[in-house]
Engineer: 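Quick one: this structure, given as structure tokens, is what I'll be asking you about.
Order of the sequence lines fixes the chain letters, A, B, ..., with proteins taken first and strands second; residue numbering starts at 1 for each chain.
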Amino acid sequence: MSEASTSGTSGSIRRSSRTRKKKKSQLPIGIAAGIVIIILGILLALKDPKLGLFWFTGMAFGFILQKSRFCFTASMRDPSLTGSTTVTRAVLVAFALTSLGFWAIKYGASQQGLPIPGQSYVVPVSFATVIGAFIFGIGMVIAGGCASGTLMRVGEGFTMQIISLLFFIIGSLWGAHDFGWWKLNVISNGKAVFMPDVFGWAGALVVQLLIIACLFVAAHKWENRKKEKNA
Amino acid sequence: MALKDNEFYKMWFKDAWPYITGAVLLSAFQVFTLASTGSPWGVSGVLANWGAWLYEAVGGTVDKWYYFASVGAQRTLEGGFLSDTGSMRNVGIILGALFATLMASQFKIKKIKSWRQIAAAVLGGLAMGYGARIGFGCNIGALFSGISSFSVSGWVYAIFLFAGAYVGSKLLVKFFM
Amino acid sequence: MAEYELDCLGEACPIPLVKAEKKLAELEIGDLLIVLIDHSCAMKNVPEWARKEGHNVEIEEVDDGEWECVIEKVK
């Protein structure tokens, strides 16, 4: 611990200088990696266009998650741990925007008498949802990232996340092994509820956006409350 | 002018984006995904397939398991890794993040520091994997896609995920720091 | 005006932030806390948190994927 001179009045901080390693630019490797990823994507698309589509959307998701440091784990953890709700509010915005888009697609399909896409994601609510979400919540905070976050951090070079990905896979296998029991004893007692079936199409959209808006305001208030308490 | 001083390079590749930019772009790609593939984005279901392939590689069999009993699941498992769309998307996420990190010149292999980190990764990974299977997905499939699909399950998932994250934070501070 | 260093290399969220919060609470006003970070998320949320708390903050990329977040405790 060395003594350092600080300027208390201005915003900038001066401190003892230290020697720095010269940084190497990773840009050439990045560009090369980009080209390789695109070529692989094209090869996959030639095999089956669907594989190419998934490959490139996956790449886009990974790129966006990394650049914006978007973290679903932080959105659930930070309000109680640090009192910050910045990420939580961004996640709520994503929920609202995606809901609008999904609503348009689903409503459009239903009006044309087509099967509504993506209904396999409307799953039964049961005690298994409660337990599953709860232990998932514990796990993601301890491991420092959820499924998408772990994949992203593997790409960033975290060795620890490679282990957590491996054990995520093992845990999934374990869960899949026990799934029959859960299905028979717990999940089959639950009911899948698609909000437009209850509130109507317009009603579901209004209810959904209202819930998100209330949570957004609550998150904002929560952050200010924490701040005042600290001050 | 060198590329690294170019303002568009800085904006797109070097600096972190605001969270809200992430929210808008992720939403755009979610809607694109539902429109183009007929299903929203999911991550963790694929990891169960990876588990099945690993298990089969060491001589196990999952044919009798209820989870993999459906025709669709059997076809995916038989088709193999390179023919599974979901697997390609998950690999894409890893490579997309790697590409983003390299383009920002910020890639670094982060070595494991302690046994505590290994314990956290093992326990956290197992909990997430098991939880995702019985809860029908992870933060993407069950939470983000579930809520956006107007499924009540998504909101229920959110409530207990929040509770789990609270307990997880307490455990993390107490045992894993 | 002492200078303290907090090594959070190899640590994932939220550990750098929680450690920085704890350490900063022990410091005197005017002291400097240098948090070493190599996690791209912490490089965003540690400075954001410290700024919100009202401290003077500077973040510098010292190597590929390594940052020093310098926090001057002002209150």
Side-chain angles (χ1 to χ4, degrees), chain A residues 26 30 37 54-55 58-59 62-64 66-68 70 72 76-77 80-81 90 93-94 97-99 101-102 117 121-123 125 128 130 132-139 141-143 146-147 151-152 155-160 163-164 167-169 171-173 175-176 179-180 182 193 195, chain B residues 17 19 22-23 25 27 30-31 38 40 43-44 47-48 50-51 66-67 85 88-89 92-98 100-103 105 109-110 112 117 120-122 124-131 133-136 138-139 145 148-153 156-157 160-161 164-166 168-169:
Chain A
Q26 296 172 341
I37 296 167
F54 276 76
W55 179 266
M59 189 188 165
F63 191 85
I64 298 164
Q66 204 284 331
K67 280 322 298 179
S68 61
F70 212 79
F72 289 89
M76 289 284 158
R77 174 197 66 207
S80 56
L81 187 65
V93 169
L97 293 174
T98 309
S99 293
F102 279 21
Y121 280 68
V122 181
V123 295
V125 183
V130 171
F134 186 72
I135 62 176
F136 191 91
I138 295 175
V141 173
I142 291 174
C146 63
L151 292 176
M152 177 194 115
E156 276 189 339
F158 265 102
T159 327
M160 173 189 168
I163 299 180
S164 85
F167 280 88
F168 195 127
I169 294 168
S172 299
L173 192 66
F179 187 76
W182 285 97
V193 185
M195 286 164 73
Chain B
W17 300 346
Y19 293 120
L25 288 174
S27 299
Q30 263 279 31
V31 175
V43 174
S44 57
L47 299 180
W50 291 10
Y66 177 83
Y67 182 83
T85 49
M88 291 305 106
R89 182 161 57 197
I93 293 172
I94 298 178
L95 295 178
L98 172 69
T101 314
L102 285 171
M103 288 305 286
S105 203
I109 300 277
K110 289 162 262 270
I112 294 168
Q117 275 190 332
V122 169
L126 283 176
M128 282 195 285
Y130 197 89
R133 274 317 88 223
I134 65 169
F136 286 104
C138 59
N139 283 350
S145 296
S148 305
S149 298
F150 295 86
S151 172
V152 172
S153 64
V156 175
Y157 191 92
F160 291 95
L161 182 69
Y166 176 78
S169 304

Engineer: Quick one: do B/L98 and A/I37 satisfy side-chain contact (heavy atoms from CB on, under 4.5 Å)? Show the steps, please.
Structural biologist: CA-CA 10 Å; B/L98 172 69; A/I37 296 167; 5.7 Å; no

Engineer: Against chain A, work out which of B/A100, B/S44, B/G135 has the most heavy-atom pairs shorter than 4.5 Å and name it.
Structural biologist: B/A100

Engineer: Between A/G175, A/G30, A/S172, A/A94, who has the most heavy-atom pairs with chain B when the cutoff is under 4.5 Å?
Structural biologist: A/S172

Engineer: Once rounded to the nearest 0.5 Å, what's the spacing between atom NZ of B/K110 and atom CZ of A/F158?
Structural biologist: 5.0 Å

Engineer: When rounded to the nearest 0.5 angstrom, what distance separates CD in A/E156 from CG in B/L102?
Structural biologist: 10.5 Å

Engineer: With respect to chain A, which residue among B/F150, B/Y19, B/Y67, B/F160 yields the maximal number of heavy-atom pairs within a distance under 4.5 Å?
Structural biologist: B/F150

Engineer: How close do A/I64 and B/W17 get, heavy atom to heavy atom, and via which atoms?
Structural biologist: CA-CZ3, 4.1 Å

Engineer: To the nearest 0.5 Å, how far apart are CG in B/L47 and CG in A/L151?
Structural biologist: 6.5 Å

Engineer: In Å and rounded to the nearest 0.5 Å, what is the CD1 to OG distance from A/I138 to B/S169?
Structural biologist: 10.0 Å

Engineer: Specify whether B/Y66 and A/F179 have parallel, tilted or perpendicular ring planes, treating 30° as the upper limit for parallel and 60° as the lower limit for perpendicular.
Structural biologist: parallel

Engineer: Contact part of B/V122 toward chain A, heavy-atom cut-off under 4.5 Å: side chain, backbone, both or neither?
Structural biologist: both

Engineer: So, B/S153 side chain and A/V122 main chain: donor-acceptor pair closer than 3.5 Å or not?
Structural biologist: no

Engineer: Under 4.5 Å, counting heavy-atom pairs only, tell me which of A/P117, A/S68, A/A143 racks up the most with chain B.
Structural biologist: A/S68

Engineer: Listed by chain and number, what are the ring-ring contact (aromatic ring centres under 6.0 Å, His included) partners of A/F70, not counting sequence neighbours?
Structural biologist: A/F72

Engineer: Between B/A165, B/G22, B/G51, who has the most heavy-atom pairs with chain A when the cutoff is under 4.5 Å?
Structural biologist: B/A165

Engineer: Can any side-chain N or O of A/S164 pair as donor or acceptor with the backbone N or O of B/G125 at less than 3.5 Å?
Structural biologist: no

Engineer: Measuring heavy-atom distances to chain A, does B/F136 have an atom under 4.5 Å in its side chain, in its backbone, in both, or in neither?
Structural biologist: side chain

Engineer: Got a second to check how far B/R133's CZ is from A/W182's CH2, nearest 0.5 Å?
Structural biologist: 13.5 Å

Engineer: So which residue, B/A97, B/G38, B/C138, ends up with the most heavy-atom pairs under 4.5 Å with chain A?
Structural biologist: B/A97

Engineer: As an exercise: rank A/W55, A/F134, A/F102 by heavy-atom pairs under 4.5 Å with chain B and give me the winner.
Structural biologist: A/F102

Engineer: Could you have a look at B/Q117, B/M128, B/M88 and say which one has the most heavy-atom pairs with chain A under 4.5 angstrom?
Structural biologist: B/M128

Engineer: Counting only heavy atoms closer than 4.5 Å, note whether A/Q26 contacts chain B via side chain, backbone, both or neither.
Structural biologist: both

Engineer: Give, for atom CG of B/L95 and atom CZ of A/F63, the distance between the pair rounded to the nearest 0.5 Å.
Structural biologist: 13.0 Å

Engineer: What are the two closest heavy atoms between B/I93 and A/M152, and how far apart are they?
Structural biologist: CG2-N, 4.4 Å

Engineer: Closest approach of B/V43 and A/A147, non-hydrogen atoms and distance?
Structural biologist: CG1-CB, 3.7 Å

Engineer: So which residue, A/S99, A/A90, A/G180, ends up with the most heavy-atom pairs under 4.5 Å with chain B?
Structural biologist: A/S99

Engineer: Report, as yes or no, whether the 6.0 Å neighbourhood of atom OH on B/Y166 holds more than 12 heavy atoms from other residues, nucleotides or ligands.
Structural biologist: no

Engineer: Would you sort out whether B/S151 and A/Y121 count as a side-chain contact (heavy atoms from CB on, under 4.5 Å), showing the intermediate values?
Structural biologist: CA-CA 7 Å; B/S151 172; A/Y121 280 68; over 6 Å; no

Engineer: So which residue, B/S145, B/A120, B/A48, ends up with the most heavy-atom pairs under 4.5 Å with chain A?
Structural biologist: B/A120

Engineer: Give me the atom names and distance for the closest heavy-atom approach of B/G168 to A/I142.
Structural biologist: O-CG1, 4.2 Å

Engineer: Between A/A128, A/C146, A/G132, A/G58, which residue shows the highest count of heavy-atom pairs closer than 4.5 Å to chain B?
Structural biologist: A/G58

